[in-house]
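As structure tokens, the structure follows; a few thoughts come after it.
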Amino acid sequence: MLIATWNVNSVKQRLEHLLGFLADPAPDVVCLQEIKCVDEAFPRLEVEAAGYNVAVHGQKGFNGVAILSKFPIADVSPRLPGDPEDVQSRYLEAVVSVPGGAVRVASIYLPNGNPIGTEKFTYKLAWMERLTEHARGLLALEEPVVLAGDYNVIPDGRDVSDPALWANDALFQPATRAAYRKLLALGYTDALRACDDRAGLYTFWDYQAGAWQKNKGIRIDHLLLSPQAADRLVGVDIHKRTRALDKPSDHVPVSVTLDL
DNA sequence: ATGACTGGCCCTGCCAGA
């Protein structure tokens, strides 16, 4: 089965691109981030007409995540545990039943954290700690788990075209990268890196200064697999063609194929 | 060297993104 993640930067602006992606490669599950709308404004009818069940955790104006699935969705839980004061819609988890089993999927929109030295960066690191604690608990279930989303983390130098340019950015801070490694060290696999160790595999290109044309990208959209999911990993794809469309998202979809 | 897009909202400059 094909499980994808995509930060669409407004589902309203990107609906045609999204429907095109649902038609081809026709993923079984899609985790969306930055839908930038409330639940009621999500284009549910259009997505359902394409053959998908929908779970949404939206927010007015910013953030917002969703999970689309060709298979039934159960046990839907919005919000990352650990901070009742956190009202930002950045996490949605659900269980997707597949023929002969199930896979637990989370759609994650990890805080950007810029500028560093502010409460925004503190919030990012705290959010990463909460994610790590929750991810630790999920491992105990011994299920196939896919934690998919826009992590806003550049894991290492291979994942950025111009490291010096990002040296003072929240996405590439040593503390940010260490928190990401701590998450992996629990026992999760960065699906892309399990399949391909080359540099220059990017998932985001800024709108500004011709970043796409110059291939000045970064890899910040990741799918993390529990051991039970990693055992069934077949391959990973970065769907770069969507970045060349008219009025694209600045992120492209990334997908894993699992033998499930 | 510098600046540079895009989307949403309080409808119009401003915040947020990365």
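Here is the naming used below: chain letters follow the sequence lines, and residue numbers restart at 1 for every chain. Just the heavy atoms: all of them, side chains too, but no hydrogens, waters or symmetry mates, feed the values below.
At distances below 3.5 Å, not a single donor-acceptor pair connects side-chain atoms of Arg104(A) with backbone N or O atoms of Val145(A).
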*Mark up nucleotides 10-18 of chain B, 5' to 3', with B wherever a protein heavy atom is under 4.0 angstrom from a base atom, S wherever such an atom reaches only the sugar-phosphate, and - elsewhere.*
S-----SSB
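Qualifying side chain to side chain contact (heavy atoms under 4.5 Å, CB included) partners for Val38(A), counting only residues two or more places apart in sequence or in other chains: Glu40(A), Ala41(A), Lys60(A).
Sequence order on DNA chain B of the closest nucleotides to Lys214(A) and Ser10(A) puts Lys214(A) first from the 5' end.
When the C1' atom of dG7(B) is taken as reference, atom CG of Leu15(A) falls 16 Å away, rounded to whole Å. Atom CD of Gln213(A) and atom C1' of dA4(B) are 12 Å apart (whole Å). For the pair Trp205(A) CH2 and dT6(B) P, the interatomic distance rounds to 16 Å; values are reported in whole Å.
Comparing dC9(B) with dG3(B), their P atoms sit 30 Å apart, to the nearest whole Å. The gap from the C1' atom of dT6(B) to that of dT12(B) amounts to 16 Å, rounded to the nearest Å. Rounded to the nearest Å, the gap between the C1' atom of dG17(B) and that of dA4(B) is 15 Å. Separating the C1' atom of dG7(B) from that of dA18(B) is a span of 14 Å, rounded to the nearest Å. Rounded to whole Å, the separation between the C1' atoms of dC10(B) and dC15(B) comes to 11 Å.
Both Leu131(A) and Leu186(A) are members of a single hydrophobic cluster when ILVMFWY side chains are connected at heavy-atom separations under 4.5 Å.
Residue Arg14(A) places at least one side-chain N or O under 4.0 Å from the OP1 or OP2 atom of dG7(B).
Between the side chains of Lys36(A) and Asn9(A), at least one donor N or O sits under 3.5 Å from an acceptor N or O. Looking at Tyr180(A) and Asp190(A), their side chains do bring a donor and an acceptor atom within 3.5 Å of each other.
Contacts classified as side-chain hydrogen bond (donor to acceptor under 3.5 Å, both in side chains) and involving residues 21-31 of chain A (residues at least two apart or in different chains) are not found.
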